[in-house]
Amino acid sequence: METNDYLVEMTFEPLAALPSAQDIARFIERMALPTFAACEKLAAAGRIVAGGTILAAGGFIFIARTKSPAELEAMLASLPLWPRARTRVVPLGSFADRAEIVRRRLAGARAAAAAPEAEP
């Protein structure tokens, strides 16, 4: 079955107030570490093919490989940090597919350039 690749960026808004040490510990234990573990499992299964954390920013970015948009959404929703993230997804096409489209455009442009102009 054919798969699709998606560029996924998950970022987090800065907190309005500084959390307490207890809140930070709870967040790390319940959300951050379980999300990293889930991403590592998805990478090991080939569902995340590249990516990592965004350095010097709150978030992560990766290329996900799924069989359908619904499968991608279920995968993202399974991440513990999903409810807190601002998520942007960009569907990716293949270089081969784009090259074929460009070749067809080139053929059309060459045919149009070679056609005699209609006389007025």
Side-chain angles (χ1 to χ4, degrees):
M1 175 175 264
E2 187 175 324
T3 60
N4 301 295
D5 290 346
Y6 302 89
L7 177 66
V8 178
E9 181 179 6
M10 299 178 86
T11 57
F12 305 94
E13 295 296 322
L15 298 173
L18 294 177
S20 68
Q22 183 179 9
D23 290 337
I24 292 171
R26 189 176 308 122
F27 174 81
I28 290 170
E29 291 171 348
R30 293 182 183 170
M31 298 189 90
L33 291 177
T35 297
F36 294 136
C39 287
E40 288 173 354
K41 286 180 183 175
L42 290 167
R47 296 182 67 203
I48 292 179
V49 297
T53 60
I54 301 171
L55 298 179
F60 45 100
I61 191 165
F62 56 88
I63 296 175
R65 181 166 289 155
T66 64
K67 295 175 185 161
S68 69
E71 184 181 319
L72 174 68
E73 190 162 341
M75 182 178 103
L76 296 177
S78 74
L79 299 174
L81 282 173
W82 163 262
R84 300 217 32 213
R86 175 182 288 165
T87 303
R88 184 174 77 98
V89 175
V90 179
L92 300 174
S94 74
F95 295 117
D97 288 346
R98 181 52 56 109
E100 182 56 34
I101 290 167
V102 171
R103 283 186 193 97
R104 286 196 302 262
R105 285 185 189 156
L106 175 60
R110 284 183 176 162
E117 290 189 32
E119 293 184 28

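- Looking at residues two or more places apart in sequence or on another chain, you find a side chain to side chain contact (heavy atoms under 4.5 Å, CB included) between R104 and E100, I101.
- Proximity of P91 to N4: side-chain heavy atoms (C-beta onward) are nowhere separated by under 4.5 Å.
- Between F60 and C39 there is a side-chain heavy-atom pair separated by less than 4.5 Å.
- Here F95 sits alone; no ILVMFWY side chain lies under 4.5 Å from its own, so it joins no hydrophobic cluster.
- Judged as a salt bridge (Lys or Arg N to Asp or Glu O under 4.0 Å), and not counting sequence neighbours, the contacts of R86 are E13.
- In this view, E73 satisfies the side chain to side chain contact (heavy atoms under 4.5 Å, CB included) rule with no residue, not counting sequence neighbours.
- Applying the 4.5 Å side-chain rule to ILVMFWY residues, one finds L7, V49, I61, I63, V90, L92 in the same cluster as I54.
- Heavy-atom minimum distance, A32 versus L81: CA-CD1, 4.2 Å.
- Checked against side chain to side chain contact (heavy atoms under 4.5 Å, CB included), P80 has the following partners two or more places apart in sequence or in another chain: P34, T35.
- To the nearest 0.5 angstrom, R88 atom CZ is 9.0 Å from T11 atom OG1.
- A search for side chain to side chain contact (heavy atoms under 4.5 Å, CB included) contacts involving P69 returns Y6, not counting sequence neighbours.
- Note that CG of L79 is 6.5 Å distant from CG of L42, once rounded to the nearest 0.5 Å.
- In this structure, R84 has no side chain to side chain donor-acceptor pair (under 3.5 Å) partners at least two apart in sequence or on a different chain.
- Pairs of residues two or more places apart, or lying in two chains, that qualify as side-chain hydrogen bond (donor to acceptor under 3.5 Å, both in side chains) and include a residue from residues 48-71 are D5-R65, R47-E71.
- Here D23 pairs with S20, R26 under the side chain to side chain donor-acceptor pair (under 3.5 Å) rule; sequence neighbours left out.
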